[in-house]
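As structure tokens, the structure follows; a few thoughts come after it.
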Number of protein chains: 2
Amino acid sequence: MNHPASTKDRILAAAESLFAQRGFEGASLRQLTAAAGVNLAAVNYHFGSKERLVEEVFRRRLDALNQRRLAALARVAGRDDTTLEQVLDAFIRPALELSHDDHGALFMRVLARAFAEHDDRLRQFLSENYGHVIRQFTAEFAHLLPHLSKAELYWRIDLVTGALTHAMSGFGMIQRKGDVSESAHREQTVAHLVRFAAAGLSAP
Amino acid sequence: MNHPASTKDRILAAAESLFAQRGFEGASLRQLTAAAGVNLAAVNYHFGSKERLVEEVFRRRLDALNQRRLAALARVAGRDDTTLEQVLDAFIRPALELSHDDHGALFMRVLARAFAEHDDRLRQFLSENYGHVIRQFTAEFAHLLPHLSKAELYWRIDLVTGALTHAMSGFGMIQRKGDVSESAHREQTVAHLVRFAAAGLSAP
DNA sequence: CCTATGCTCAAACGATCGTTTGATTTTCCT
DNA sequence: AGGAAAATCAAACGATCGTTTGAGCATAGG
């Protein structure tokens with residue numbers, strides 16, 4: 001590992017921070033390269049274009065995050081006694097663990113931006129590379145909520161995933177409770193978000 | 001009432017649509033004025049600047065929306081038997097009624113963007129002009145949820161309002177169920193969102 | 001009818017954007 | 001050590017951004 005962080009890594013770190021702060025269009029390559037301490041042309045040299053840099057920022061975190069989500073899902077899904085709460089836990093816990101790291105919390109803000117912006121190219125990239133994750137969770141939700149129509153289920157999943165992403169994007173700033181340990185607080189938060197998401201998905 | 005819509009109104013309508021589609025920075029004044037069928041300079045003539053146009057887009061909808069929210073809140077708040085669900089209904093129902101209009105649904109998308117972007121100027125404008133609404137609802141929530149710390153309550157309110165805005169921003173596209181009347185469907189949706197929001201606010 | 005006022009228009013302003021260029025420096029292999 | 005390959009650099013490219021200008025058009029009041 002490079003003790004002086006490589007140019008690529010410094011660009012990726014600065015991009016994550018600036019994208020979270022000013023958005024993908026709002027953060028210019030000149031601000032970005034200045035913050036990273038590299039030359040302006042370095043972005044196009046190492047990544048080809050700004051758009052591909054955006055994709056790499058997502059890839060760096062989402063590969064590991066979604067792998068852990070699928071692993072957690074495999075542990076609970078497909079059984080006769082699988083509960084909605086278990087599936088939601090598999091979706092929420094890996095993301096919340098990521099967002100407890102400072103840089104991870106920044107990335108969740110970036111993810112929340114991607115959700116809000118309706119950039120067709122970005123949605124296509126996310127769908128192509130990580131669509132199978134949502135699809136596997138959706139299949140499990142459909143099995144657990146058979147009384148919902150397809151359209152209604154899709155809308156509720158979009159509602160819940162958007163809400164969860166928003167929730168964890170504002171998470172880096174209110175940690176450290178002091179009276180309870182960090183792991184206990186995290187466990188409380190997971191339980192709270194699972195109940196929240198379950199209420200968004202399940203019908204009365 | 002101008003039968004041929006005035007230049008100002010045509011700019012506001014086109015701005016609402018383009019801001020929802022491409023964001024505040026992403027929508028240029030040239031795209032905007034072309035869509036509105038007016039001259040490029042008309043924006044700066046009638047509104048002074050692009051930033052003030054953004055503010056007017058919000059003002060046009062939020063004045064009425066928040067007035068109805070406060071009126072609904074006044075009808076249920078401050079009593080001994082006030083429930084969390086009643087307060088949430090007062091917050092949710094006016095917004096959902098707005099989002100059932102096509103243009104209203106577009107505006108909810110604009111509102112969701114304002115939530116995701118951390119533009120300081122925009123947040124200050126919204127806080128200055130509509131902060132008292134959130135503050136009044138927050139006071140009622142604090143009264144109904146006395147066991148929550150201030151920081152925890154604020155975080156949960158931010159979580160829930162963000163989730164609700166996101167929910168109603170994607171609402172224009174899945175209406176018309178066919179088998180149930182529109183008002184019945186709306187009533188179902190209100191009930192669903194109220195339960196969802198209540199789960200996000202209340203502790204176990 | 002004439003003029004003052006409100007409005008629209010094409011054109012241009014300077015600034016900033018993402019990207020490219022070509023030269024220069026650094027790195028690594030034989 | 002020497003030379004190919006990789007990386008960094010300052011500078012410039014054309015495009016597009018929000019904004020301003022000044023002339024031209026409309027219309028209502030005296």
Side-chain angles (χ1 to χ4, degrees), chain A residues 1-59 110 113-114 117-122 124-125, chain B residues 1-59 110 113-114 117-122 124-125:
Chain A
M1 309 306 170
N2 312 330
H3 233 249
S6 71
T7 298
K8 262 183 128 168
D9 287 340
R10 276 193 291 169
I11 291 175
L12 283 170
E16 191 171 65
S17 172
L18 269 178
F19 287 160
Q21 195 176 0
R22 309 198 193 246
F24 306 109
E25 295 182 350
S28 75
L29 292 186
R30 283 169 178 81
Q31 298 172 332
L32 210 159
T33 51
V38 304
N39 188 269
L40 167 63
V43 170
N44 281 277
Y45 177 79
H46 286 284
F47 297 95
S49 68
K50 184 182 184 180
E51 191 185 345
R52 297 247 292 276
L53 168 62
V54 173
E55 295 179 0
E56 282 307 309
V57 168
F58 280 100
R59 238 191 266 277
V110 177
R113 276 188 185 276
E117 308 196 9
H118 292 276
D119 186 309
D120 289 337
R121 290 224 241 241
L122 186 53
Q124 186 181 347
F125 165 79
Chain B
M1 314 286 174
N2 310 332
H3 232 250
S6 72
T7 299
K8 261 182 129 168
D9 288 339
R10 275 193 293 169
I11 290 175
L12 283 170
E16 191 170 64
S17 173
L18 269 177
F19 288 160
Q21 195 176 359
R22 308 195 193 249
F24 306 110
E25 295 182 350
S28 75
L29 291 186
R30 283 168 178 84
Q31 298 173 332
L32 211 159
T33 50
V38 304
N39 188 269
L40 168 62
V43 170
N44 282 277
Y45 178 79
H46 286 283
F47 297 95
S49 67
K50 184 182 183 179
E51 191 184 346
R52 297 249 291 276
L53 167 62
V54 173
E55 294 179 2
E56 282 307 310
V57 168
F58 281 101
R59 238 192 266 278
V110 178
R113 275 188 186 276
E117 308 197 6
H118 292 278
D119 187 308
D120 288 338
R121 291 223 240 241
L122 186 52
Q124 185 181 346
F125 165 79

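The sequence lines fix the lettering, A, B, ..., with proteins before strands; numbering per chain opens at 1. As the structure is a computational prediction, the values presented were derived from the model and not from experiment.
- In this structure, of dT19(C), dT8(C), dA7(D), it is dT8(C) that holds the atom nearest to the side chain of His46(B).
- Glu55(B) has no carboxylate O lying under 4.0 Å from a charged side-chain N of Arg52(B), or vice versa, which leaves the two without a salt bridge.
- With dT19(D), dC7(C), dG18(C) as the candidates, the nucleotide lying closest to the side chain of Arg30(A) is dG18(C).
- Arg52(B) places its CZ atom 16 Å from the P atom of dG18(D), with the value rounded to the nearest Å.
- Here Ala42(B) lies out of heavy-atom contact (under 4.0 Å) with every strand.
- Between the CD atom of Gln31(A) and the P atom of dC17(C) there is a distance of 6 Å, rounded to whole Å.
- Phosphate contact (OP1/OP2 of dC17(D), side-chain N/O of Ser28(B), threshold under 4.0 Å): present.
- Rounded to a whole Å, the CZ atom of Phe47(B) is 16 Å from the C1' atom of dT19(D).
- The side chain of Leu29(A) lies closest to dT19(C), out of dC17(C), dT8(D), dT19(C).
- Between Asn39(B) and dC7(C) there is no side-chain polar atom (N or O) within less than 4.0 angstrom of OP1 or OP2.
- In the set dT19(C), dT21(C), dC17(D), dT21(C) carries the atom at the smallest distance from any side-chain atom of Ala41(A).
- Atom CG in Leu40(A) sits about 13 Å away from atom P in dT8(D), given to the nearest Å.
- Neither OP1 nor OP2 of dG18(C) sits under 4.0 Å from any side-chain N or O of Asn44(A).
- Listed nucleotides dA6(D), dG6(C), dG18(D) differ in distance to Tyr45(B); the shortest reach to its side chain belongs to dG6(C).
- The main-chain N or O of Phe24(A) is never found under 3.5 Å from a side-chain atom of Arg113(A) such that the two would form a donor-acceptor pair.
- Note on Thr7(A): every side-chain N or O is 4.0 Å or more away from OP1 and OP2 of dA7(D).
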